[in-house]
Q: 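Before I ask anything, here is the structure I am working with.
Quick note on labels: first sequence line is chain A, next is B, and so on, each numbered from 1.
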Amino acid sequence: MTSAPVIWWIRRDLRLDDNAALNAAIASRRAIIPLFIRDALVDNIGAAAKIRLEEGLKALSRSLRARGSKLILRHGDAESVLLDLAKKSGAGMVVWSRLYLPDTIERDRGVKAAVQAAGLTARSYAGHVLFEPWTVQTGQGDHYKVYTPFWKAVRSRDVVLPDSAPDRLPAPEHWPDSDTLSQWNLAAAMNRGAGVVQKHIAAGEAAAYERLATFLDDRLNEYGIHRDRLDRDATSGMSDYLSLGEISPARLWHAARRHVEEGCKGAETYLKELVWRDFAYHLAYHTPRLLTDNWREEWSDFAWQEDQRLQAVKAWKQGRTGVDVVDAAMRELYVTGRMHNRARMIVASFLTKNLGFHWKIGMDWFGDCLIDWDPASNALGWQWVAGSGPDAAPYFRIFNPQTQAEKFDPDGKYRARWLAKNHSDPSDDALAFYDAIPRSWNLSVDDDPPDPLVDLKKSRTDALDRYERFRNG
DNA sequence: TGCTTATTCGA
DNA sequence: CGAATAAGC
């Protein structure tokens, strides 16, 4: 290859399959320099997400090597890194997959302008979502604010059929310098046993497809029935792969659509869940305050609990609320970096309703602990539960954790798995929590089980009273 | 993608 | 008298 190389700027598309930016680079018949930049936006992600990113980068790096290529790592301001690398490598073009959150849009706009001003070609491509936010509109030309009409608007749409991964990526004559992952030490952000979370991660495209195949073969048919069960492995498990783009939503869409056509019962339900992710991006794009503030602006008057009860927040984070299903879920989060979707709703309702704390407190904790961290989905989820978001229920919904546990963990298996209490022989997972926590928490497996932080009945009526006061101004 | 209370149903 | 159902939040 003698012509100027093209830089494939990798951000949240750690995949070779179905990657329009990569395919454009290949179509250009130039040498490709795969580049990941650790910039301020990367530095800002949570501790668990950083560990997950490190594992994802390792997997991508291996996969690139197997195809005669190499992952180049650089840190610093994206614009300067790109311009510097382009200059030193003689690259004439930069390609990337588009992202849709305000901070990434702002960064990418600046980068595109700077790259073009330097005389290079900059091209961006779709792929992180199924439907780019500006492509879904109501009859009035507005954006959708309620899920069901959004779903109806997109359910029959065509999604471009994914391209498969290239066998080889043309390499440049000289590889530019690269940082190393050990230099970056992304795990250092975690002030606790990173190894515990790491053990639960299976990063990379190959792992994603393995999990997907199992899901499609063994679980999709019953997905509609079992997906809410805390005590079963009945969910897709695709969220962390989607978060880093190790699998494309289009790939999942087509897999599920094929199963719908084959009469698979749960496939439609799964498609709906996949489209919720798009809906979240869509709303975050059109109303960015979704990510940081109450989507319903009148909620700024809501009387959240004040700081004097922060002990309760601490207990929530540490899985010591004394409400078993809540504590089990919070420990699952801390140990694995994941939490069952149904459990996310239960703990969110408990924090925002029973304890009365602002949803942002919970969202920030999720941001620090989740390996599948996705700002749009999380903001939508937390605001949906709190009641401050779009598509809210016409009533003030308060989950009863006890009822939820009986419905979705009828034999108590989920609770027993994550809680050591009342068991002479606690599970490995329950014990792992004590390896994962920082010493400063000062907790021991021999501690007495905590008393319930609040009475469920009273905290419910208190929450309803707060809501009534808010509604009546 | 809920919960509670009141009411009806059916043994 | 417990289970199913309906209404209202």
Side-chain angles (χ1 to χ4, degrees), chain A residues 144-152 155 219-220 222-232 234-239 256 265-280 282-283 290 295-296 298-299 302 323 325-326 329 338-356 359 362-363 366 372 374 376-410 414 452 454-473:
Chain A
Y144 285 99
K145 300 168 190 80
V146 179
Y147 180 71
T148 305
F150 180 85
W151 162 249
K152 285 183 179 154
R155 62 188 293 180
R219 302 192 249 267
L220 189 60
E222 312 298 324
Y223 181 75
I225 305 164
H226 290 328
R227 68 188 195 86
D228 278 323
R229 285 287 292 262
L230 301 169
D231 55 345
R232 289 173 186 258
T235 60
S236 71
M238 287 292 113
S239 58
K265 285 197 294 271
E268 171 110 349
T269 311
Y270 181 64
L271 274 174
K272 277 188 179 169
E273 293 303 309
L274 189 62
V275 168
W276 266 101
R277 176 177 173 277
D278 262 54
F279 185 53
H282 173 97
L283 282 161
L290 174 78
W295 187 85
R296 292 176 190 274
E298 69 274 18
W299 269 75
F302 190 84
V323 179
V325 69
V326 173
R338 288 197 184 77
M339 192 192 291
H340 191 288
N341 179 59
R342 170 59 49 174
R344 294 185 198 207
M345 293 191 260
I346 298 170
V347 302
S349 170
F350 189 76
L351 182 74
T352 59
K353 306 285 168 76
N354 297 89
L355 298 183
W359 56 267
M363 188 177 80
F366 272 27
D372 65 10
D374 179 305
S377 296
N378 274 279
L380 179 61
W382 275 95
Q383 296 220 48
W384 183 86
V385 172
S388 61
D391 207 0
Y395 47 87
F396 194 63
R397 172 173 20 214
I398 304 170
F399 283 61
N400 182 329
Q402 204 51 50
T403 309
Q404 291 281 313
E406 280 158 21
K407 265 196 205 165
F408 301 118
D409 181 33
Y414 177 77
V454 288
D455 176 73
L456 289 182
K457 207 163 195 170
K458 182 176 186 306
S459 59
R460 175 189 159 80
T461 52
D462 287 353
L464 284 167
D465 289 346
R466 278 196 298 277
Y467 181 65
E468 272 314 302
R469 280 203 302 279
F470 157 64
R471 278 208 344 174
N472 300 328

Q: Can you tell me which nucleotide in dT1(B), dG2(B), dT4(B) comes closest to the side chain of Met345(A)?
A: dT1(B)
Q: Write down the distance between CH2 (Trp276(A)) and P (dT1(B)), rounded to a whole number of angstrom.
A: 10 Å
Q: Taking atom C1' of dC3(B) as reference, at what distance in whole Å does atom CZ of Phe408(A) sit?
A: 13 Å
Q: Output the rounded distance in Å from CZ (Arg397(A)) to P (dT1(B)).
A: 8 Å
Q: Whether the side chain of Tyr395(A) and the base of dG8(C) hold a donor-acceptor pair under 3.5 Å is what I'd like checked.
A: no
Q: Would you say dT1(B) has OP1 or OP2 under 4.0 Å from some side-chain N or O of Asn341(A)?
A: no
Q: Any side-chain heavy-atom pair from Phe350(A) and Gln404(A) closer than 4.5 angstrom?
A: no
Q: Between Glu406(A) (CD) and dT4(B) (P), how many Å, whole number?
A: 11 Å
Q: Is there a side-chain polar atom (N or O) of Arg342(A) under 4.0 Å from OP1 or OP2 of dG2(B)?
A: yes
Q: Would you say Phe408(A) and Val325(A) make side-chain contact, with heavy atoms under 4.5 Å?
A: no
Q: Taking the six-membered ring for Trp, are Phe470(A) and Trp299(A) closer than 6.0 Å centroid to centroid?
A: yes
Q: Calculate the interatomic distance between Leu464(A) atom CG and dT5(B) atom P; express it in whole Å.
A: 11 Å
Q: Send over the distance from Phe399(A) CZ to dC9(C) P, rounded to a whole Å.
A: 21 Å
Q: With the side chain of Asn400(A) defined as its heavy atoms from C-beta on, choose the nearest nucleotide among dT4(B), dG2(B), dC9(C).
A: dT4(B)
Q: Flag the pair Tyr270(A) / Leu220(A) as yes when at least one side-chain heavy-atom distance between them is below 4.5 Å, and no otherwise.
A: yes
Q: According to a strict under-4.0 Å criterion, is Gln404(A) in side-chain N/O contact with OP1 or OP2 of dC3(B)?
A: yes
Q: Ring of Phe396(A), cation from Lys353(A) - is the NZ or CZ under 6.0 Å from the centre and inside 45° of the axis?
A: yes
Q: Under 4.0 Å, counting only non-hydrogen atoms across every strand here, what does Lys407(A) touch: a base, just sugar-phosphate, or nothing?
A: sugar-phosphate
Q: dT4(B) P sits how many Å from Lys457(A) NZ, rounded?
A: 8 Å
Q: Taking atom P of dT5(B) as reference, at what distance in whole Å does atom CZ of Arg460(A) sit?
A: 8 Å
